[in-house]
Novice: 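Sharing a structure below in structure tokens format, with a few things to ask.
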Amino acid sequence: MRFADQVVLVTGAARGIGFATARRFAAEGARVVLADVSADCVQARDKLLAEGFAQVIAVQGSVSDQGDVERMFEEAVSAFGGIDVLVNNAGITRDALFHKMTEEQWDLVMNVNLKSMFFTIQAALKQMLPKGKGAIVNVASITGQMGNVGQSNYAASKAGVQALTRNLCLEYAGKGIRVNAVAPGFTFSEMTRAIPEPIIEQMVKKIPMKRGAEPREIASAILFLASEDASFVNGQTLAVNGGMYLY
Ligand SMILES: NC(=O)c1ccc[n+]([C@@H]2O[C@H](COP(=O)([O-])OP(=O)(O)OC[C@H]3O[C@@H](n4cnc5c(N)ncnc54)[C@H](O)[C@@H]3O)[C@@H](O)[C@H]2O)c1
């Protein structure tokens, strides 16, 4: 039970990687806050309750809205007394070739994937700094590392997540707080479900392991970075991509 009694807030926890992560934290003893813009976070919480994890709550709200983020943290603190681990997992895509990309597509992706972390991490630090400890794991992407046609907004946001992760390590490592990132490769989830099968086949051919990831395989890496097993890992981005991008 690596997270016994710890309080973990996971954003984008209604499904996919976020839900798999919330479930793993609950299974390892954590009290878990499932935060998501979708009302499905309530069903996600109910699934975990039905699996016997009693210490889980759901908070609906958008990570790109500061008021919503403040409410997520207030509800977490009032239910469980604080926050020990923050997982910034919520993310979206709005793909278009750059010359056709609208300002709305650019702003939406930047706001949900990157600016959100300005709100969530400031709120988390309010809880973590007085205690002198805490762990933050940000979800980046292989696309932020190697690029992908039609995803310039997404790639820029995810590269920003890595830069932010490094910078926050420099600022808070001395205060007992570790900030790391996971950069998943192709993972089966709602986000990738819309990709046509022939494109998925082409993509999988480029992965040395010849398959995509299951959300739980990304969750494992997130839990490692949040845990004491990673006590001297700070400011890093752990690539979880089946060998697709090596650097
Ligand atoms: N699936 C992949 O291949 C892949 C690869 C690399 C990185 N990622 C990243 O992993 C993370 C999770 O992706 P996923 O594949 O599970 O996607 P998903 O679309 O299945 O899940 C994303 C979750 O985030 C929530 N969300 C969206 N906007 C939000 C907002 N404004 N506020 C709060 N919650 C919001 C959604 O409702 C959803 O529950 C994302 O950051 C994504 O960019 C995914």
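Whatever order the structure lists ligands and atoms in, that order sets their numbers, starting from 1. These values consider heavy atoms only, across backbone and side chains, with no hydrogens, waters or symmetry-generated copies.
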Novice: Does the N167 side chain pair with the main chain of A163, one donor and one acceptor, at a distance under 3.5 Å?
Specialist: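 Not confirmed, N167 side chain does not pair with A163 backbone.
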
Novice: Checking the side chain of N89 only, and the main-chain atoms of T11 only, is there a donor and an acceptor separated by less than 3.5 Å?
Specialist: yes

Novice: Among all protein heavy atoms, pick the one closest to atom 15 (O) of ligand 1 and tell me residue, atom and distance.
Specialist: S189 OG, 2.5 Å

Novice: Any atom of ligand 1 sitting under 4.0 Å from a heavy atom of G212?
Specialist: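 No, that is not the case, since the closest heavy atom of the residue is not under 4.0 Å from the ligand.
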
Novice: Less than 4.5 Å apart, side chain to side chain, heavy atoms only: is that true for I92 and R94?
Specialist: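 Result yes, sub-4.5 Å side-chain heavy-atom pair found.
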
Novice: Considering distance alone, does some N or O of S38 sit under 3.5 Å from an N or O of ligand 1?
Specialist: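 Such a contact does not occur with ligand 1.
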
Novice: Any idea which of G91, S64, G61, G18 brings a heavy atom closest to atom 22 (C) of ligand 1?
Specialist: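 That would be G91.
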
Novice: To which of R15, M203, E190 does the heavy atom nearest atom 19 (O) of ligand 1 belong?
Specialist: R15

Novice: Quick check: does I17 get an N/O under 3.5 Å from an N/O on ligand 1?
Specialist: yes

Novice: Any idea which atoms of ligand 1 are less than 4.0 Å away from a heavy-atom of A90?
Specialist: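 Listed by number with element, the hits are 24 (O), 33 (C), 34 (N), 35 (C), 41 (O).
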
Novice: What protein heavy atom lies closest to atom 12 (C) of ligand 1? Include the residue and the distance to one decimal.
Specialist: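 Of the protein heavy atoms, N89 OD1, 3.1 Å lies nearest.
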
Novice: Is any side-chain N of the basic residue among R193 and E190 closer than 4.0 Å to the acidic one's carboxylate O?
Specialist: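 Salt bridge flag = yes for E190 with R193.
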
Novice: What is the nearest protein non-hydrogen atom to atom 31 (N) of ligand 1, stated with its residue, atom name and distance?
Specialist: S62 OG, 3.0 Å

Novice: Is the shortest side-chain N to carboxylate O distance from R15 to D36 below 4.0 Å?
Specialist: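 No, this pair does not count.
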
Novice: Would you indicate whether Y247, at its atom OH, is surrounded by more than 12 heavy atoms from other residues, nucleotides or ligands within a distance under 6.0 Å?
Specialist: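 More than 12 heavy atoms, drawn from other residues, nucleotides or ligands, come within 6.0 Å of this atom.
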
Novice: For a salt bridge (charged side-chain N to carboxylate O under 4.0 Å, His left out) check, start with the C-alpha distance between R71 and E75, then their side-chain angles and the critical distance, and finish with the verdict.
Specialist: CA-CA 6 Å; R71 194 167 41 78; E75 291 194 25; 3.7 Å; yes

Novice: Answer yes or no: does atom NZ of K131 have more than 12 heavy-atom neighbours from other residues, nucleotides or ligands under 6.0 Å?
Specialist: yes

Novice: Please identify which atoms of ligand 1 are closer than 4.0 Å to at least one heavy atom of G16.
Specialist: 16 (O)

Novice: Taking only heavy atoms of F186 into account, list the atoms of ligand 1 that are under 4.0 Å away from them.
Specialist: 3 (O)

Novice: Nearest to atom 24 (O) of ligand 1, what protein heavy atom do you find, and at what distance?
Specialist: G12 CA, 3.4 Å

Novice: So which heavy atom in the protein is nearest atom 10 (O) of ligand 1, and how far is it from that ligand atom?
Specialist: V139 CG1, 3.3 Å

Novice: Donor-acceptor pair, distance only, cut-off 3.5 Å: does the side chain of D68 make one with the backbone of G61?
Specialist: no

Novice: Based purely on interatomic distance, does S141 place a nitrogen or oxygen under 3.5 Å from a nitrogen or oxygen of ligand 1?
Specialist: no

Novice: So, does R24 use its side chain to make a donor-acceptor pair with the main chain of I222 at under 3.5 Å?
Specialist: no

Novice: Does any N/O atom on V63 come nearer than 3.5 Å to any N/O atom on ligand 1?
Specialist: yes

Novice: For ligand 1, note which part of T187 has a heavy atom under 4.0 Å away: side chain, backbone, both or neither.
Specialist: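 T187 to ligand 1: contacts from backbone and side chain alike.
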
Novice: In Å, rounded to the nearest 0.5 Å, how long is the span from CG of N241 to CD1 of I218?
Specialist: 8.5 Å

Novice: If you measure from each non-hydrogen atom of Y154 to ligand 1, which part falls under 4.0 Å: side chain, backbone, both or neither?
Specialist: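 Side chain only.
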
Novice: Any atoms of ligand 1 less than 4.0 Å from a non-hydrogen atom of T192? List them with their elements.
Specialist: 1 (N), 2 (C), 3 (O)

Novice: Tell me: protein heavy atom nearest atom 17 (O) of ligand 1, and distance?
Specialist: M191 CB, 3.4 Å

Novice: Counting each atom of ligand 1 from 1 as listed, which ones have a heavy atom of I92 under 4.0 Å away?
Specialist: 27 (C), 28 (N)

Novice: Within a distance under 4.0 Å of any heavy atom of P184, pick out the atoms of ligand 1 and give their elements.
Specialist: 5 (C), 6 (C), 7 (C)

Novice: Could a heavy atom of V112 be found less than 4.0 Å from some atom of ligand 1?
Specialist: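 Heavy atoms of V112 do come under 4.0 Å of ligand 1.
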
Novice: May I ask you to check if ligand 1 and V37 share an N or O to N or O distance below 3.5 Å?
Specialist: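 In this structure, V37 places an N or O atom under 3.5 Å from an N or O of ligand 1.
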
Novice: Looking only at protein heavy atoms, which one is nearest to atom 37 (O) of ligand 1, and what is the separation?
Specialist: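 Result: D36 OD1, 2.6 Å.
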
Novice: Could you find the nearest protein heavy atom to atom 5 (C) of ligand 1 and give me its residue, atom name and distance?
Specialist: G185 O, 3.3 Å

Novice: Would a 4.5 Å heavy-atom cut-off, applied to side chains only, mark I17 and V182 as touching?
Specialist: no

Novice: Using the side-chain contact (heavy atoms from CB on, under 4.5 Å) rule, pick out the option among L48, L34, V32 that qualifies with R23.
Specialist: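 That would be L48.
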
Novice: Taking atom types as modelled and ignoring hydrogens, do the side chains of S189 and T187 form a donor-acceptor contact shorter than 3.5 angstrom?
Specialist: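 No - no donor-acceptor pair under 3.5 Å links their side chains.
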
Novice: Above 12 or not: heavy atoms from other molecules or residues under 6.0 Å from NZ of K100?
Specialist: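 Atom NZ in K100 is not crowded, with 12 or fewer foreign heavy atoms closer than 6.0 Å.
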
Novice: Any idea which part of A140 is under 4.0 Å from ligand 1, heavy-atom wise: side chain, backbone, both or neither?
Specialist: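 The backbone, only.
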
